[in-house]
There are 2 protein chains.
Amino acid sequence: MKNITPNFTPASVNCDECPIKDRAVCAYCEKSEMALLEAMKSYKTYAAGDPIIFAGDRMVFVGSVVTGVARLSQTMEDGRKQMVGLLLPSDFVGRPGRSYSAFDVEATTDVTLCRFERKPFEKLLSDIPNLRERMLEMALDELDAAREWMLLLGRKTAREKIASLLTIIARRQNSTATVSKNDITFDLNLTREAMSEYLGLTLETVSRQINALKKDGVIRLEKKRQVHVKDFARLLAETGDDADGGFLA
Amino acid sequence: MKNITPNFTPASVNCDECPIKDRAVCAYCEKSEMALLEAMKSYKTYAAGDPIIFAGDRMVFVGSVVTGVARLSQTMEDGRKQMVGLLLPSDFVGRPGRSYSAFDVEATTDVTLCRFERKPFEKLLSDIPNLRERMLEMALDELDAAREWMLLLGRKTAREKIASLLTIIARRQNSTATVSKNDITFDLNLTREAMSEYLGLTLETVSRQINALKKDGVIRLEKKRQVHVKDFARLLAETGDDADGGFLA
DNA sequence: ATGTGACCTTGATCTATGTCAAATTTTTTG
DNA sequence: CAAAAAATTTGACATAGATCAAGGTCACAT
């Protein structure tokens, strides 16, 4: 259980033995089981926009995101689409114990996946206690994140939704690094459309609200996908969330 | 892994040794570990409307619902409230690995909880592989459910939301029993307000849409909280979900 | 450097759902 | 059983965000 970041963000690990060092990747490479996992591992890359798997497809691989951003989503018959997971480096892809994917997975930017065949991975899952423990922790963290997302979808205004998404992205990019609350800059690796799918809005509303936040001085935009926040607390105040972020006793 | 219902509904177990026999309860009573768990168990009841734990409270117990309906929810500073979990018998309450509750839990009807102290339960969790395996499976199932809920909150119309909620409740009550698609009757153990919190609507909209479905002959109401569905497929068609429920190859 | 397509912005209008308020029905309680 | 309380329905009206329709901007390929 060492090396795992404690909280709402998905568990991530710096794995010295990993081919790609110094990077949050493949949270499963416990030193002791390294050989096993190492043997099973394969990497695959996807171009921005490519599908990784469709809902209903047979799920041959599971794995985790090494670089880039992928998204989990659900589409209704008439085309309405809702993102239900945003997968950043170290996030797990796939569902051990199920043979078919329940959701679409697409590459949002170029993506590298560290993959394991599902069947042998499931075998390891029952053989290696550590692995199961980590999977449980990750699943529980994702569940908490999903529940916050539900509050966002069900009750927040468009402006609050945008502010919330910006803080989520800001936090995940500056995660271990800058915890200082001021002068944060980050890249939005998402189109307005992807944001609208995340937030349950239309892309027009996303555009309007981003520009409203800009006009009100809450954010500044260098390029259309690069955000400056001079006063993070100010942005936080726009999210509608509890000021203390749930850390009251 | 025996005795566990395979799919989207939370894992449930009929445990012969349980004080309360013949009932989906305490999914953790593996025969072999029975003595341990039995010793730790305590039951507590809550009256309809009672809080079970508040967000931010120290979490002393975890456990599972034995009878009744409880709900997990999140409240914003200004009172906006979103349900993020509906807990029926056999559902787990609490989050091993966290000392404080992230959500409010309230009894919707009278509720009996089968409780374990969190600390010793966490100890068992690392000692008993089976237990961890079940917890993982339950967490993953809940995650899938949460993601479908996100689609509902983000993209469905009020009418679709109501129809979806009705099918969810119908299915969970008639779960193992009537899989026949016709002439289903079930109790809505939820007030219009609770439904509105589930669906991200106001109670007025819930009332109007329920009566619209009634007027259109999709459902019939005996009492205000008892629903008759003569043609389940008809109701399903109103949910906006894929006709086959995700069971295409 | 110019054209082409993807992405983003902006405006005008529409509509589903929220809000506020008041009946009506059902349940609970003394 | 009567009265009070709680839950539900219904109506009139307001509005946030959707929809439809241009137009603008940017990156990249020819």
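Rounded to whole Å, the distance from CZ on B/Arg155 to P on C/dA16 is 17 Å. Separating the CD atom of B/Glu222 from the P atom of C/dT26 is a distance of 13 Å, rounded to the nearest angstrom. Atom CG of B/Leu199 is separated from atom P of C/dT17 by 12 Å (rounded to the nearest Å). Whole-Å rounding puts the A/Lys223 NZ to D/dC26 P distance at 11 Å. Counting to the nearest Å, the P atom of C/dT10 and the NZ atom of A/Lys215 are 10 Å from each other. Here the P atom of nucleotide D/dT15 and the CZ atom of A/Arg159 are 18 Å apart, to the nearest Å. Computed from coordinates, the A/Gln226 CD to D/dA27 P distance equals 12 Å when rounded to whole Å. Here D/dG17 presents its P atom at 22 Å from NZ of B/Lys156, a figure rounded to the nearest Å.
A side-chain N or O of B/Tyr100 and one of B/Arg58 form a donor-acceptor pair less than 3.5 Å apart. In this structure, a donor-acceptor pair under 3.5 Å is absent between the side chains of A/Ser207 and A/Arg192.
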Restricting both atoms to N or O, compile the protein contacts to nucleotides 28-30 of chain C shorter than 3.5 Å, with distance only.
none

Taking N or O atoms only and anything under 3.5 Å, show me the protein contacts with nucleotides 7-9 of chain C, one pair per line.
from	atom 1	to	atom 2	distance (Å)
C/dC8	OP1	A/Arg225	NE	2.7
C/dC8	OP1	A/Arg225	NH2	3.4
C/dC8	OP2	A/Arg192	N	2.8
C/dT9	OP1	A/Arg192	NH1	3.3
C/dT9	OP2	A/Arg192	NH1	2.7
C/dT9	OP2	A/Ser207	OG	2.8
C/dT9	O5'	A/Ser207	OG	3.2

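Closest non-hydrogen pair, B/Val66 versus B/Leu113, comes out as CG2-C, 4.1 Å. The two atoms that bring A/Gly200 and A/Leu153 nearest to each other are N-CD2, 3.9 Å, heavy atoms only.
Taking CG from A/Asp183 and NZ from A/Lys230, the interatomic distance works out to 9.5 Å, rounded to the nearest 0.5 Å.
Side chain of A/Glu106 to backbone of A/Leu72: no donor-acceptor contact under 3.5 angstrom is found. Side-chain atoms of B/Trp149 come within 3.5 Å of backbone atoms of B/Tyr198 as a donor-acceptor pair (strictly under, hydrogens ignored).
When heavy atoms are screened at a 4.0 angstrom cut-off, B/Gly49 is found touching no nucleic acid atom at all.
The shortest side-chain heavy-atom distance between B/Gln74 and A/Arg155 does not fall under the 4.5 Å cut-off.
Residue A/Val65 forms a side chain to side chain contact (heavy atoms under 4.5 Å, CB included) with just one option from A/Leu87, A/Ile52, A/Leu88, and that option is A/Leu87.
Under 4.0 angstrom from either OP1 or OP2 of C/dG18 there lies at least one side-chain N or O belonging to B/Thr205.
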